[in-house]
Amino acid sequence: MAAEGSLKLLGLTVSPFVIRVRMALQLKGIGYEYIEQDLFTKGELLRKSNPVYMKVPVLIHDGKPICESLAIVQYVDEVWAATGPSILPADPYDRAAARIWAAYADSKLLPAWVGIMWAATEEERAEKVDDTLAAIGQLEEAFGKCSKGKAFFAGDSVGYLDLVVGSQLLWFEALQKMFGVVVVEVGRAPLLAAWVKQFGETDTAKEVVPDVDTAVEYLTKLQSRRAGSTVAQLLS
Ligand SMILES: N[C@@H](CCC(=O)N[C@@H](CS)C(=O)NCC(=O)O)C(=O)O
């Protein structure tokens with residue numbers, strides 16, 4: 001296990017990308033120093049650690065920075081393979097499926113719901129809601145296949161795909177609160193609706209995910225500071 005101080009995480013509390021990394025570290029029971037970043041000013045440490053994208057999360061392990069949340073979660077799983085539960089499935093086919101659906105969740109689902117928040121017109125918002133629900137429909141099917149009848153994407157307990165999709169649930173709540181949009185609706189996605197409930201009750205979610213009001217406040221602040229700008233700096 002990493003000693004305190006040799007593992008640092010540069011993050012933003014409400015970022016789904018950061019949340020999934022914190023969940024991975026929580027699952028493994030690994031201690032780390034968390035350093036919240038101001039993405040409006042971007043400090044020296046972030047610029048130096050992730051000079052290509054200057055985005056969070058960045059994990060700094062013994063002075064070596066690792067960026068991109070999916071790469072970080074896989075890194076954590078490999079480096080601390082002997083600590084805590086495995087995050088990626090052991091079976092190569094299941095592992096490939098989890099990676100494929102994780103890529104889908106980030107490339108299709110996430111931009112769709114981010115689009116709901118930043119839509120310029122009601123028409124555009126309705127389009128983004130449709131895109132989001134279509135992606136949820138795909139993930140409902142994926143859940144059926146991956147979970148094999150169990151409670152989580154990974155089976156009996158939380159794994160890679162649970163973290164990748166689960167890290168976005170905070171914002172689903174925020175979307176409901178701010179725009180009245182129900183992303184995972186029991187009639188359309190019964191398996192995912194049951195999973196959302198189960199996932200929310202895990203220690204992983206309880207210890208890592210902030211209160212929905214934190215997300216709402218952050219978005220409200222962004223909206224006022226970036227009127228007319230795109231979402232690129234928040235979540236892409
Ligand atoms: N693909 C990246 C995305 C990370 C990302 O977009 N982070 C946002 C916060 S949610 C960020 O740092 N934005 C700052 C910027 O775009 O300048 C990952 O998976 O880590």
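One is the number of the first residue; the rest follow in order along the sequence. Whatever order the structure lists them in is the order used to number ligands and atoms, beginning at 1.
- Residue-level proximity to ligand 1 for Leu39 is carried by the side chain, the only part with a heavy atom below 4.0 angstrom.
- An N or O contact shorter than 3.5 Å is missing between Phe17 and ligand 1 by distance.
- Looking at Glu68 next to ligand 1, an N or O pair under 3.5 Å apart turns up.
- For Lys197, the salt bridge (Lys or Arg N to Asp or Glu O under 4.0 Å) test picks out Glu201, with sequence neighbours left out.
- Contact atoms of ligand 1 toward Pro57: 20 (O) (distance under 4.0 Å to a heavy atom of the residue).
- Between the side chain of Lys28 and the backbone N or O of Thr83, at least one donor-acceptor pair lies under 3.5 Å.
- Numbered from 1 in the order shown, with element, the atoms of ligand 1 that lie under 4.0 Å from a heavy atom of Lys42 read 14 (C), 15 (C), 17 (O).
- On a distance-only criterion, Ser15 and ligand 1 share no N/O pair closer than 3.5 Å.
- Although no hydrogens or angles enter the test, the distance criterion places no donor-acceptor pair under 3.5 Å between the side chain of Lys177 and the main chain of Val212.
- For the pair Glu36 (side chain) and Tyr34 (backbone), a donor-acceptor distance under 3.5 Å is absent.
- Applying the side-chain hydrogen bond (donor to acceptor under 3.5 Å, both in side chains) rule to Thr121 yields no partners; only residues at least two apart in sequence or on another chain are considered.
- The residue among Cys67, Ser69, Ala71 with a heavy atom at the shortest distance from atom 20 (O) of ligand 1 is Ser69.
- Between Trp195 and Phe143, the angle of the ring planes lies from 30° to 60°, which puts this pair in the tilted group.
- The closest approach between Gln37 and ligand 1 stays at or above 4.0 Å for every heavy atom of the residue.
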